[in-house]
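One structure is given here, and the rest of the page talks about it.
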Amino acid sequence: MMLAFARPTMVGAIWPSSRHLAQAMAQGADGARRIVELGAGTGAITQALCERHPHTPTTVVELQPELADQLRQRFSGMTVLQAPAHEVLEAWPEGEEPVVVVSSLPFRSLPPPWRDGTSRAIEHFLRAQPERRLIQYTYQPRAPFDLQLGESLVWRKRTVVWRNAPPAWVWELGAG
Ligand SMILES: C[S@@+](CC[C@H](N)C(=O)[O-])C[C@H]1O[C@@H](n2cnc3c(N)ncnc32)[C@H](O)[C@@H]1O
């Protein structure tokens, strides 16, 4: 299914993630006691999370109401929130760790206020607990976003997935 939306900068992709990319992203969440997926879109990565982590409580976040409704119907065992990612992270309760954030948010195309507000919320979220980490893909071999809050977090390149259109780099952001 093609991702055809009114605001392409908020979507950042024409095609859903391939099975290979989805599996690489889900593998990045190994060891999580709780998963938060940001920008789930059509659910390609959600499906892979479901298959690889069937017993890990997962919260799925998607901004677009129609997509959130579809995700809610398809993944009845998961909590689906129709909300901006930064609001969910800012309201996250203390509790089970490690939490792994798995994100498809298109940081390189988001409007700057959205990009900066969301990436800052992610940094605050990860810095609150050293076991937390972010798994994020990009379509370029450069880090998904520039860190704003100092260097206590470090980007690590996990893998390149060639079998995706376009090829994708999978990154991890966590304690240095
Ligand atoms: C690249 S697409 C997701 C692709 C997804 N991996 C797939 O295969 O369908 C990015 C998604 O992030 C959502 N999004 C963008 N900004 C968001 C935000 N601030 N909070 C939550 N979702 C957001 C968009 O609505 C879009 O569905």
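None of these values were measured; they are calculated from a predicted model. Order of listing sets the numbers, starting from 1, for every ligand and every atom in it.
Close contacts between ligand 1 and P84 involve ligand atoms 20 (N) [criterion: under 4.0 Å to a heavy atom]. Of all atoms in ligand 1, listed by their number and element, those nearer than 4.0 Å to a heavy atom of A83 are 20 (N), 21 (C). Interface of L105 with ligand 1, defined as ligand atoms under 4.0 Å from a residue heavy atom, comprises 12 (O), 14 (N), 15 (C), 16 (N), 17 (C), 18 (C), 22 (N), 23 (C). Near P16, meaning under 4.0 Å from one of its heavy atoms, ligand 1 places the atoms 8 (O). Applying the 4.0 Å criterion to heavy atoms of A85 picks out, from ligand 1, the atoms 18 (C), 19 (N), 20 (N), 21 (C).
A centroid separation of less than 6.0 Å is found between the aromatic rings of W155 and F145.
The proximity of L67 to ligand 1, defined as any non-hydrogen pair under 4.0 Å, is limited to the side chain. Neither the backbone nor the side chain of A22 has a heavy atom within less than 4.0 Å of ligand 1.
Within the structure, the closest approach of I45 to ligand 1 falls below 4.0 Å when heavy atoms are considered.
Taking 4.5 Å as the limit, some side-chain heavy atom of F75 sits within range of a side-chain heavy atom of Q47. Counting heavy atoms from C-beta outward, T118 and L38 have side chains that stay 4.5 Å or more apart. With a 4.5 Å cut-off on side-chain heavy atoms, V170 and M25 count as touching.
Nearest to atom 5 (C) of ligand 1 by heavy-atom distance, out of A44, A40, P106, is A40. Closest to atom 27 (O) of ligand 1 by heavy atom, among Q64, R115, E62, is E62. The option from W114, Y139, Y137 that lies nearest to atom 19 (N) of ligand 1, judged by heavy atoms, is W114.
Salt bridge absent: E97 and R33 never bring a charged side-chain N and a carboxylate O closer than 4.0 Å.
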V101/F125 under side chain to side chain contact (heavy atoms under 4.5 Å, CB included): CA gap, chis, key distance, verdict: CA-CA 10 Å; V101 180; F125 182 82; 3.6 Å; yes
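When only interatomic distances are considered, the shortest N/O to N/O separation between L63 and ligand 1 falls below 3.5 Å.
Counting non-hydrogen atoms of other residues, nucleotides and ligands closer than 6.0 Å to CD of E151 gives a total of 12 or fewer.
Using modelled atom types and a 3.5 Å distance limit, the side chains of R127 and S152 yield a donor-acceptor pair.
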